[in-house]
Amino acid sequence: MPDAKPTPAKALSAPQKALHKLGLTRDIDLALHLPLRYEDETRIVRLSDAREGQTVQVEGTVTHQEITLRPRRQLLVTLDDGSDTCTLRFFSFYPSHQKTLAVGARVRVRGEIRGGFMGRTMMHPAFHAAGGELPDALTPVYPTSAQLPQAYLRKVVASGLARADLSETIPPELLGSLQRVVHGTWTLRDALRYLHHPGPDVSLDALEDRSHPAWQRLKAEELLAQQLSQLTAKRERDALRAPVLRTAPGGLHEQLLAVLPFALTGAQRRVGEEIARDLARHVPMHRLLQGDVGSGKTVVAALAAAIAIDSGWQCALMAPTEILAEQHFAKLIGWLEPLLAPLGKRVAWLTGSQKKKQRTEMLGLIASGEAALVVGTHAVIQDQVVFQNLALAIIDEQHRFGVAQRLALRSKMGPLAKEGESSPERRGTGFAGPQALPLDGLSGDAQRASDGGEPHMLMMTATPIPRTLAMSYYADLDVSTIDELPPGRTPIVTKVVSDQRRHEVIERIRAQVAQGRQVYWVCPLIEESEALDLSNATETHAELSQSLQGVLVGLLHSRMPVAEKKAVMSLFTSGHMGVLVSTTVIEVGVDVPNASLMVIEHAERFGLSQLHQLRGRVGRGAAASACVLLYTPPDGGRLGETARERLKAMAETNDGFEIARRDLEIRGPGEFLGARQSGAAMLRFADLATDGHLLDWARTAAAQMLQQHPGAAEKHIARWLGSKAEYLKA
Ligand code: ADP
Ligand code: MG
């Protein structure tokens with residue numbers, strides 16, 4: 001029934017507020033708010049036919065009513081439907097209950113049948129006076145919140161469904177292929193009407209596992225919206241301009257290759273070329289570089305930076321933690337600074353803990369363009385940071401950054417670059433060296449190498465993204481993969497060990513240190529949490545210092561002052577410290593090739609990709625390396641199923657892609673999405689683990705639809721994503 005009551009333009013009522021909180025603001029949002037399950041009120045069951053555990057609707061006459069006080073105050077009502085009787089039991093009740101359920105009244109009652117020695121019982125059944133027509137469809141039960149009564153929600157969803165514009169957005173030439181993949185000719189309108197109010201003879205299984213064609217149609221539409229929005233984002237970006245960056249003969253790129261202490265792996269060369277090709281276009285690069293821990297992404301980043309610098313532009317490299325930024329800094333300085341010096345260029349760095357004086361100096365270098373490369377943490381995107389001409393932004397461990405931060409970095413291109421309005425022919429012409437710098441913001445000089453816009457973006461991650469995820473959430477990204485480790489690495493042997501054998505592990509540490517090797521010991525928290533009883537890094541540090549006499553055991557945790565962290569880290573990096581006990585601050589990026597043993601305490605509390613990242617801290621040199629996953633089962637119990645699966649996966653494989661696949665299986669997509677992890681961006685209906693065929697269809701269809709039916713595409717995106725569309729593009 002269409003309910004055309006207009007919403008009055010006054011303050012929102014409590015249920016309306018609750019609706020907004022659930023994101024149910026438009027008619028279409030309500031129409032797309034689908035039931036969790038259904039109740040069957042279409043028929044009346046004879047009590048004698050009802051099985052225990054079944055939820056049924058019965059109709060009968062009240063033959064008895066009483067309030068008892070033992071064992072608890074309760075209202076007991078006996079209902080007789082002619083075939084049998086049933087006791088209705090209410091622990092909380094109102095006078096209205098007693099009135100409707102008075103002896104002699106005919107009532108319709110719905111609830112779960114329970115057995116028991118007193119005969120059939122229903123606890124707190126729903127009831128109303130008998131009579132009235134039976135509905136001809138199942139009754140939907142919607143996901144809701146405490147402030148939003150189910151009955152109210154049913155009403156507004158029904159009217160939203162009636163009002164919503166559900167006209168076909170999918171063009172006729174795509175309907176054939178859609179019907180083939182969803183196995184049915186359902187329109188969106190049919191599918192939604194059906195899913196909200198399915199007929200009584202429906203197969204509830206097919207509705208529940210969402211294999212029913214109506215569900216399939218809905219999921220295909222949702223995936224199509226996601227693909228369209230990402231493809232639109234990509235097209236929009238393709239229309240933007242970015243500086244053309246190329247290597248210069250005899251330039252920094254060439255020189256850097258010459259001074260590297262190793263030869264690039266085939267994979268590094270390949271991804272380096274992919275990146276170089278992107279940089280040489282006047283369209284902003286938007287590329288994800290994925291490669292397992294230790295696969296050598298840093299040098300690829302450095303080479304990309306060298307290309308930007310060769311073209312007379314600045315490059316920024318942002319890392320999620322100060323320690324990681326430092327490491328990059330150390331590496332990059334070692335490689336690049338000697339090469340930059342003759343060009344009058346420097347490397348600048350920016351971190352939160354920097355002294356004001358130093359920071360001011362760095363900001364000056366960045367603004368003047370003297371700093372060709374800027375390395376740092378989130379500090380890089382703060383307002384005071386003004387680049388002279390940023391052309392390339394590299395984000396390491398991109399999943400640890402939020403969308404807003406990424407957008408902020410993109411907007412940092414620099415005032416000079418932005419102002420320039422040279423013609424497209426000029427764009428990227430004078431890129432051959434520092435003299436090609438945009439020299440003067442006022443003159444309108446052809447020296448300005450770009451008409452501004454966007455820097456190129458390179459995002460790096462050690463958490464490989466499984467194919468279906470890459471195709472859906474990251475459809476707008478180009479992906480480069482380093483699928484090969486540098487030569488000479490010995491595979492890491494992983495052992496899962498009970499904490500009861502902790503002393504053996506300590507013996508093993510002693511042996512490693514005696515051979516001149518170094519050891520990491522990672523703990524999950526820094527302070528004893530009474531609730532979780534996690535071991536305390538400080539305590540472990542004391543314990544190890546005690547039992548490993550003569551070995552320097554260090555401690556690193558996130559609440560330490562940065563200077564202290566750095567001091568500890570440098571003792572470990574230089575090899576003076578044998579054992580480093582730490583919380584997960586070392587999770588990413590730390591590179592100490594001499595470390596050969598990684599112990600992870602309470603490994604059962606870590607996520608799979610986090611474990612894999614931690615393990616990647618060892619096995620970076622030629623020495624045989626090992627990872628010990630110490631687990632502590634709950635008192636007298638066994639580890640939970642997921643924890644066991646995770647540890648097993650770790651012991652069975654070192655392959656980041658395999659780990660990622662299993663993680664997707666165990667945990668669902670959340671873990672991988674990182675920056676996009678916001679619930680807003682998640683798929684509601686489609687499940688990437690089962691709906692690959694729908695995703696394939698959506699990908700092809702999206703490209704065609706955007707090309708030939710841009711209006712319909714826009715309508716489809718708005719319908720499905722509404723205000724979330726912008727967010728998905730970031
Ligand atoms: P990640 O991909 O995890 O960031 P890194 O860039 O930190 O990996 O590289 C891991 C280690 O491998 C570093 O010590 C790095 O210098 C070294 N490395 C990188 N590429 C090669 C190569 N082609 N041959 C030998 N060692 C390499
Ligand atoms: Mg790294």
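Every number for a ligand or one of its atoms is a count from 1 in the order of the listing. For clarity, every value in this text was computed on a predicted model and none was experimentally measured. Residue indices begin at 1 and follow the sequence shown.
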### Task
Run down the list Arg269, Met460, Lys297, Gln613 and name the one with the heavy atom closest to atom 1 (P) of ligand 1.
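Result: the heavy atom closest to atom 1 (P) of ligand 1 is in Lys297.
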### Task
Could you give me the CA-CA distance, side-chain angles and deciding distance for Arg269 and Glu484, then say whether salt bridge (Lys or Arg N to Asp or Glu O under 4.0 Å) is met?
CA-CA 11 Å; Arg269 266 204 308 278; Glu484 175 186 3; over 6 Å; no
### Task
Pull out every atom of ligand 1 sitting under 4.0 Å from any heavy atom of Thr265, numbered as shown with elements.
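Heavy-atom distances to Thr265 below 4.0 Å select 23 (N).
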#### Entry: Atom indices of ligand 1, in the order listed, that fall short of 4.0 Å to a heavy atom of Asp292
2 (O)
Should [X] be counted as touching ligand 1, given the test is an N or O pair under 3.5 Å?
X: Gly294; value: yes
X: Leu264; value: no
X: Thr298; value: yes
X: Ala263; value: yes

### Query
Can Ser480 and Arg287 be counted as having a side-chain donor-acceptor contact under 3.5 angstrom?
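The criterion, which ignores hydrogens and geometry beyond distance, is satisfied for Arg287 and Ser480.
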### Message
For Asp396, state whether at least one heavy atom is located under 4.0 Å from any atom of ligand 1.
### Response
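False for this residue.
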### Task
Tell me, please: is Ser295 in heavy-atom contact with ligand 1, that is, under 4.0 Å?
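Distance cut 4.0 Å: Ser295 passes for ligand 1.
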#### Entry: Atom CZ of Arg508 with >12 non-hydrogen neighbours under 6.0 angstrom
no
### Message
Under 4.0 Å, heavy-atom basis, I'd like to know which part of Ile482 is in contact with ligand 1: side chain, backbone, both or neither.
### Response
neither
### Task
Starting at CG of Leu279, measure out to CZ of Arg246 and round the result to the nearest 0.5 Å.
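Rounded to the nearest 0.5 Å, the CG-CZ separation comes out at 11.0 Å.
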#### Entry: Spatial distance of atom CE (Met569) from atom OG (Ser574) [nearest 0.5 Å]
10.0 Å
### Task
Would you sort out whether Asp478 and Lys234 count as a salt bridge (Lys or Arg N to Asp or Glu O under 4.0 Å), showing the intermediate values?
CA-CA 10 Å; Asp478 297 306; Lys234 194 168 162 68; 3.3 Å; yes
### Message
Run the side chain to side chain contact (heavy atoms under 4.5 Å, CB included) test against Ala603 and tell me which residues pass, sequence neighbours left out.
### Response
Ile600, Leu611, Leu629, Leu647
